[in-house]
Amino acid sequence: MSAYNFAFLDEYAKKEIRRAILKAVAIPGYQVPYASREMPMGRGFGTGGLQLTLSLIGPGETLKVIDQGSDDSVNAVNLRHFIELVCPGIHTTTHLSEADLIQSRHRIPEIPLVERQILSLQVPYPDALVVVEASEEKRKIMHGEADYSRLLVKLYEDIVKFDEITLSHRYPTRINGHYVIDPSPIPRWDVPKMHQSAALILLGAGREKKIYAVPPYTDAEPLAFEDVAFRVEDFTDKATGQRRTCQRCGATASFLDEFTDAHSGEKVYQCSDTDFCDSVLANPELRAYLHPALKPHVHTHAHDQEGI
Amino acid sequence: MEKILEVSGLSKIFGKGCAHCIESTGPGFDTNICPHCGSVVAAHDLSFDLHRGEILGIMGESGSGKSTAVKNLYFDQLPSGGTARFFDPDFKDDTAHGRAQWDVFGLNAAERRWLRNHRFGMVYQNPTLGLNFGISAGGNIAERLLMSGLANYGGIRERAIELLRRTEVLTERMDEKPGSFSGGMQQRVQIAKALATQPPLLFLDEVTTGLDLSVQAAILDLILEIQRELHTAMIVVTHDLGVVRLLTSRVLVMKYGRVIESGLTDQILEDPQHPYTQRLVASAL
Amino acid sequence: MLQPILNVEDFSKTFYNHAQGTVIPSSHNVHLKVWPGRLTALVGPTGAGKSSVLKGIYRTYLPSSGRILFRTAAGGEVDLASAAEHVVLDLRREEIGFVTQFLYCLPRRGARDVVAEPLLERGVPLEEARHKAEALLDALNVPERLWSVPPATFSGGEKQRVNLARGLIARPRLLLLDEPTASLDPLTTDRVMGLLDGLKRDGIAMLAIFHHPELVDRIADDTVTLTPPGGSA
């Protein structure tokens, strides 16, 4: 691999991306255009998040790569392998606490990130307004004037039809009181974790050639109406009235993926965040752990019973 | 009553224009197309005042330029010349954007948008211009309320229902898209939407043209009732003398981009001075 | 003697029909005054231009010459012939009323609301305006069953009564009346005259054209005689 520069990209490419990152941090939520390079994998496989990682990581630093919360899914494995190949001297890990840089597709980890860490999210569509306005020129004006009325109308129509806002992923979120971003296809569960995060959160769209950021300790507020609040996913089993738990580690308050058991054909539930699941297995006292940012949005049965 | 709008010398020319455009067009030349450069003089030297709560008519046949003033005031077009001043009756010191007086043709895009969303309303002849057919009738009104800063779903819904009831749209149909409504009902939704923000100034561009007579009458009646309640100042553009008689207290008569005559509506209809106005009034059915 | 509320100086009206190329003279050299609490009647044969005088004062016709000096409630003097449009509109709304021979109204508006309109324009609350309208319609013998009906289908006499009620309701300082009892039966005519007497007592000034000389004798405090143009009888 000596034919390639460290981290695959040439130094000019890295410099341009870093400048775009600085601009994105300086204007929270603003989509900064950049010259997204062709990577040795197709668009749609995380080239945006990848370019962020490659521009930032250095020898001696530790990288974690997850896809849908899991370190060992195919895409996560391939990306990690590629980065290891072109960045000799970096470390990789599956343990969140050891990582300096976390590249992720569609999930934010269950344990809060700390100040020295950076999260790099892979984004398919950077612009929250693309669902209501086809013209990029008009969207730019709407962003500039923080005019998101047409987006809110969409939410209004949802409430009219379904009595609630039905968006599950890519929930439009207002950053620092101005720009509304598409936070990438993370579930609603993960949106509160962006609010006042200690770590820097970067979002990169390779195909759309945009970089944007939620800087540390910045407000991130999901769009809602005064009288129709933002809600996160509810993992209550309707039949029993009980909150579902992870069948592997027993966690009672984590974001769960639903699988069909290959043998029994039954539906089973397991922590989406595999590293978190491992931690709970090793330390059962973590079973009831809930990310602090989620506490205002989740009412557990224990809380209800104690009359809190 | 105090002045709300003052338009001076408004002109609009489509095309590159030349030194001869003005002097070679107009009622005396029976055209508004310049024979030298082919430019269209849609309006020249249009001046008028409007007072609070007043309904002014601008009347003319096709090609008269009657829609030009409202199109420019509502920023659908930019004028070639002239000035306009808007005196905001709702101005309060504490609003972030508001002003007591606006130089309407000297604003930047954000200021124009603010006026459009907060102080002006427009009802078009063609409902596809004033309504978003991709969202429900209630959603159209919600959009305008959201643009003006209302953020409470229940409040928005209540206000939309109130407005639709006021404009006699069946509230059971508020969640349907306007495409399934009759022409008359589409116009009512447009009126409801235009009034959502209680604008002190409303533009109505041929809003009943093309509708059945009975529907026209009902909508004109509605406009008058609402005007009485809200004291909205209005500019009504029409080619129909009946609409002028019913709605307006003053009227401008235009031909080939020029104002031929102007005056109190009853005087224009009963004692027109200009030969063209006399012909127009005499030919009313 | 009180000051006149209206002073018409040398008013003339001539119509120019451009299509036919004709010139039609109407009122000429009219001088008249109207005082508060008094009724001035305009008399003269048909063609003398009596209606034109009323319309010229109200500005439905543009005077061809002359001054029409009106003393406003604020104490100033306005020449109605040359006043700005919005000044005339303000005066029509607040101080000068006109009972014409024609009634234009919207197809859906009931008689009561047609009558109430001048009060509504002044900002009077709906219920109060409607009560007053009903009282007047009653005084003019318009049956209650017609109060919610649009006047478009009324008889001439019924329309005239609605017109009258509308003219009287706002109690303007100056009231112009163009043949107010033309289509009315004697009983209702009597009622109307009684109402006009009442207005006089309340200080309202009136300038009126009556189709019957007896009515002029009965109620006019002053008369002005107009002659047709060119002296033709």
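Order of the sequence lines sets the chain letters (A, B, ...), proteins ahead of strands, with each chain counted from 1. All values below were derived from every heavy atom in this structure, side-chain atoms included, with hydrogens, water molecules and symmetry-related copies excluded. Note that the coordinates shown come from a computational prediction; the quantities given were computed from them, not determined experimentally.
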Trainee: Can you tell which part of B:Ile156 gets under 4.5 Å to a heavy atom of chain A, answering side chain, backbone, both or neither?
Mentor: side chain

Trainee: Is there a donor-acceptor pair under 3.5 Å between the side chain of B:Asn152 and the backbone N or O of A:Glu226?
Mentor: no

Trainee: Heavy-atom count around A:Lys23 NZ within 6.0 Å, excluding the residue itself: above 12?
Mentor: no

Trainee: Would you find more than 12 non-hydrogen atoms of other residues, nucleotides or ligands less than 6.0 Å from A:Phe45 atom CZ?
Mentor: no

Trainee: Within the supplied structure, the quantity of interest is the number of heavy atoms (other residues, nucleotides, ligands) at a distance under 6.0 Å from A:Arg18 CZ; does it exceed 12?
Mentor: yes

Trainee: Surrounding NZ of A:Lys154 (heavy atoms of other residues, nucleotides or ligands, distance under 6.0 Å), is the total greater than 12?
Mentor: no

Trainee: Quick one: closest heavy-atom pair of B:Gly138 and A:Tyr156, and the distance?
Mentor: C-OH, 3.6 Å

Trainee: Within a 6.0 Å radius of atom NZ on B:Lys3, are there more than 12 heavy atoms belonging to other residues, nucleotides or ligands?
Mentor: yes

Trainee: Is it the case that atom CD in A:Glu258 sees more than 12 heavy atoms from other parts of the structure closer than 6.0 Å?
Mentor: yes

Trainee: Side chain from CB out, backbone as N, CA, C, O: work out which of these in A:Leu155 comes under 4.5 Å of a heavy atom of chain B, or both, or neither.
Mentor: neither

Trainee: Just wondering, more than 12 heavy atoms not from A:Tyr125 lying within 6.0 Å of its OH?
Mentor: no

Trainee: Looking only at heavy atoms and a cut-off of under 4.5 Å, which of A:Asp227, A:Val153, A:Asp147 has the most pairs with chain B?
Mentor: A:Asp227

Trainee: Which bit of A:Val160 is near chain B, if near means a heavy-atom gap under 4.5 Å: side chain, backbone, both or neither?
Mentor: both

Trainee: Evaluate side-chain contact (heavy atoms from CB on, under 4.5 Å) for A:Ile141 paired with B:Arg113, printing each intermediate quantity in order.
Mentor: CA-CA 11 Å; A:Ile141 294 174; B:Arg113 246 182 302 278; 3.4 Å; yes

Trainee: Looking at A:Ser149 and B:Glu143, what are the two nearest heavy atoms and their distance?
Mentor: CB-O, 4.0 Å

Trainee: Is a donor on one side and an acceptor on the other found under 3.5 Å between the side chain of A:Glu157 and the backbone of B:Ser136?
Mentor: yes

